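One structure is given below, encoded as structure tokens.
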Number of protein chains: 2
Amino acid sequence: MLHDPAQLDLMFQALADPARRQMVDRLSRGPASVSQLAEPLAMSLSAVVQHLNLLEASGLVRTQKIGRVRTCQIEPKALRAAEHWINERRLSWERRLDRLGDFLAQTKDEN
Amino acid sequence: MLHDPAQLDLMFQALADPARRQMVDRLSRGPASVSQLAEPLAMSLSAVVQHLNLLEASGLVRTQKIGRVRTCQIEPKALRAAEHWINERRLSWERRLDRLGDFLAQTKDEN
DNA sequence: ACAATAGTTAAGCAAATGCTTCAGTGTTGA
DNA sequence: TCAACACTGAAGCATTTGCTTAACTATTGT
């Protein structure tokens, strides 16, 4: 369910915004509340909540509310899924280049 | 210059669109002309060119025009930069979890 | 009890995005 | 030479995005 294209879509969409990437970056150093996430960002708390909801919908961040504070953490599995998509494409390209190199080396040998 | 935040921004932005990811996916299997990229997509050639320009501006794709055909290829270095950003954050989180695990194991020993 | 805290929700708005169509440009094969 | 081909660029338009403010709910410390 992590590799389903709709989820992947949400993830890349989520990562496309600088503010959201900054939030992910902050969370990579440990859990944080909404206010803590908001603190370094030059926007209203409300805007941060909206970004956070998107991050959560994408699966990149998981949150739980205890009392009045919502604590957020990264979901490494989701990050890995995005990472994996890119990696597959890059490897596919690089393998192709390798085969091409082999072929050229071989045809050169045949001279 | 690949890790400069503005370029990273363009890359993630570029990857956020499904059509553009489909184009990257196609290019991961080998070079293609604009028309070839357009073929599986349900949109005008003009729209494809606009997507392609964005991909090129982001550094993810390199193109060269010979005669009347523009040939496109993936730039694996750029893909690697995006991959790297995600990887760093995930590792940072996972290392933190490991340290936490060690700490918990140790305090348990002390009983 | 009540004020401060922590977050949520809705409405509204300007700017950005993802198209479309249409009118080009330059290239190539017959 | 000239028609088909492979794009390219500008204008326009509907939708989405990323905010804002303002009004609200629920929790906590005193």
Side-chain angles (χ1 to χ4, degrees), chain A residues 5-27 30-75 82, chain B residues 5-27 30-75 82:
Chain A
Q7 199 69 10
L8 209 58
D9 224 82
L10 290 174
M11 277 189 258
F12 277 112
Q13 192 114 273
L15 289 174
D17 185 87
R20 284 191 297 263
R21 274 207 313 287
Q22 205 178 324
M23 290 166 74
V24 168
D25 185 49
R26 166 63 188 80
L27 289 176
S33 70
V34 178
S35 320
Q36 285 173 330
L37 279 181
E39 196 257 334
L41 298 170
M43 65 181 74
S44 72
L45 189 61
S46 182
V48 172
V49 170
Q50 289 171 59
H51 281 305
L52 182 56
N53 289 341
L54 233 156
L55 282 169
E56 193 168 22
S58 79
L60 285 167
V61 166
R62 215 155 35 86
T63 78
Q64 57 181 335
K65 196 160 184 173
I66 297 175
R68 63 186 165 180
V69 11
R70 170 142 77 136
T71 307
C72 314
Q73 8 178 303
I74 269 189
E75 187 55 73
Chain B
Q7 198 71 9
L8 210 58
D9 225 80
L10 290 175
M11 276 189 258
F12 277 111
Q13 192 115 273
L15 288 174
D17 185 86
R20 284 190 299 262
R21 275 208 312 289
Q22 204 177 325
M23 291 166 74
V24 168
D25 185 49
R26 165 63 188 81
L27 289 175
S33 69
V34 178
S35 321
Q36 284 172 333
L37 278 181
E39 196 257 335
L41 298 170
M43 64 181 73
S44 73
L45 190 62
S46 184
V48 172
V49 171
Q50 289 171 59
H51 282 305
L52 183 56
N53 289 340
L54 233 157
L55 282 169
E56 192 167 24
S58 80
L60 286 168
V61 166
R62 215 155 34 86
T63 78
Q64 57 181 335
K65 195 159 186 174
I66 297 175
R68 62 186 166 180
V69 12
R70 170 142 77 136
T71 307
C72 314
Q73 11 180 301
I74 269 187
E75 187 55 72

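These numbers come from a predicted model, not from an experiment. Sequence lines set the chain letters: A, B, ... in the order given, protein chains first and strands last, and positions in each chain run from 1.
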Give the rounded distance in Å between these two atoms: [atom1] of [X] and [atom2] of [N].
X	N	atom1	atom2	result
B/Met23	D/dC7	CE	P	11 Å
B/Leu55	C/dT17	CG	P	14 Å
B/Leu52	D/dA6	CG	P	16 Å
A/Arg70	D/dA26	CZ	P	16 Å
A/Leu54	D/dT16	CG	C1'	11 Å
B/Leu15	C/dT17	CG	C1'	16 Å

Is there any protein nitrogen or oxygen under 3.5 Å from a nitrogen or oxygen in nucleotides 19-22 of chain C, and what are the pairs?
from: C/dC19; atom 1: OP2; to: B/His51; atom 2: NE2; distance (Å): 2.7
from: C/dC19; atom 1: N4; to: B/Gln50; atom 2: OE1; distance (Å): 3.0
from: C/dT20; atom 1: OP2; to: B/Ser44; atom 2: N; distance (Å): 2.8
from: C/dT20; atom 1: OP2; to: B/Ser44; atom 2: OG; distance (Å): 2.9
from: C/dT20; atom 1: O4; to: B/Gln50; atom 2: NE2; distance (Å): 2.9
from: C/dT21; atom 1: O4; to: B/Ser46; atom 2: OG; distance (Å): 3.0

Apply the side chain to side chain contact (heavy atoms under 4.5 Å, CB included) test between A/Gln22 and each candidate in A/Leu27, A/Leu41, A/Leu37; give the one that qualifies.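 Testing each of A/Leu27, A/Leu41, A/Leu37 against A/Gln22, the sole residue satisfying side chain to side chain contact (heavy atoms under 4.5 Å, CB included) is A/Leu41.
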Among B/Leu55, B/Leu60, B/Ile74, find the residue that satisfies the side chain to side chain contact (heavy atoms under 4.5 Å, CB included) test when tested with B/Met23.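 Exactly one pass, corresponding to B/Leu55.
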5' precedence on DNA chain C between B/Ile66 and A/Val34 (nearest-nucleotide basis):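 Residue closer to the 5' terminus by nearest nucleotide: A/Val34.
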Pick the closest DNA chain C nucleotide for A/Gln13 and for A/Val49 by heavy atoms, then say which residue is nearer the 5' end.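 It is A/Val49, whose closest nucleotide lies nearer the 5' terminus.
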For B/Gln7 and B/Leu10, run side chain to side chain contact (heavy atoms under 4.5 Å, CB included): C-alpha distance rounded to whole Å, both residues' side-chain angles, the deciding distance at 0.1 Å, then the answer. CA-CA 5 Å; B/Gln7 198 71 9; B/Leu10 290 175; 4.2 Å; yes
Going by the rule side-chain hydrogen bond (donor to acceptor under 3.5 Å, both in side chains), which residues pair with A/Glu75 if we only count those two or more places apart in sequence or in a different chain?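 For A/Glu75 the side-chain hydrogen bond (donor to acceptor under 3.5 Å, both in side chains) partners, ignoring immediate neighbours, are A/Arg62.
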Those residues that, when tested against A/Asn53, pass side-chain hydrogen bond (donor to acceptor under 3.5 Å, both in side chains) (two or more places apart):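 A/Asn53: side-chain hydrogen bond (donor to acceptor under 3.5 Å, both in side chains) contacts with A/Arg70.
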Using only atom types and a distance under 3.5 Å, with no angle test, would you say the side chain of B/Arg20 pairs donor to acceptor with the backbone of B/Gln13?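 Yes: the side chain of B/Arg20 pairs with the backbone of B/Gln13.
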Keeping to residues at least two apart or across chains, list the salt bridge (Lys or Arg N to Asp or Glu O under 4.0 Å) pairs with something in residues 32-43 of chain A.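 The answer is none; no pair qualifies.
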Could you give the distance from OG (B/Ser33) to CD1 (B/Ile66), rounded to the nearest 0.5 Å?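 It comes to 12.0 Å.
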Quick one: which protein N/O atoms are closer than 3.5 Å to N/O atoms of nucleotides 3-5 of chain C? Pair and distance per line, please.
from: C/dT5; atom 1: O2; to: A/Arg68; atom 2: NH1; distance (Å): 2.6

Which residues pass the salt bridge (charged side-chain N to carboxylate O under 4.0 Å, His left out) test with A/Asp25, sequence neighbours left out?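 For A/Asp25, the residues satisfying salt bridge (charged side-chain N to carboxylate O under 4.0 Å, His left out) (neighbours in sequence not counted) are A/Arg29, B/Arg89.
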A/Lys65 side chain near D/dT27 phosphate (N/O to OP1/OP2, under 4.0 Å):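 Checking D/dT27 against A/Lys65, no side-chain N or O comes under 4.0 Å of OP1 or OP2.
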How is A/Gln36 classified with respect to the nucleic acid when contacts are heavy atoms under 4.0 Å: base, sugar-phosphate, or nothing?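 Since no nucleic acid heavy atom lies under 4.0 Å of A/Gln36, the category is nothing.
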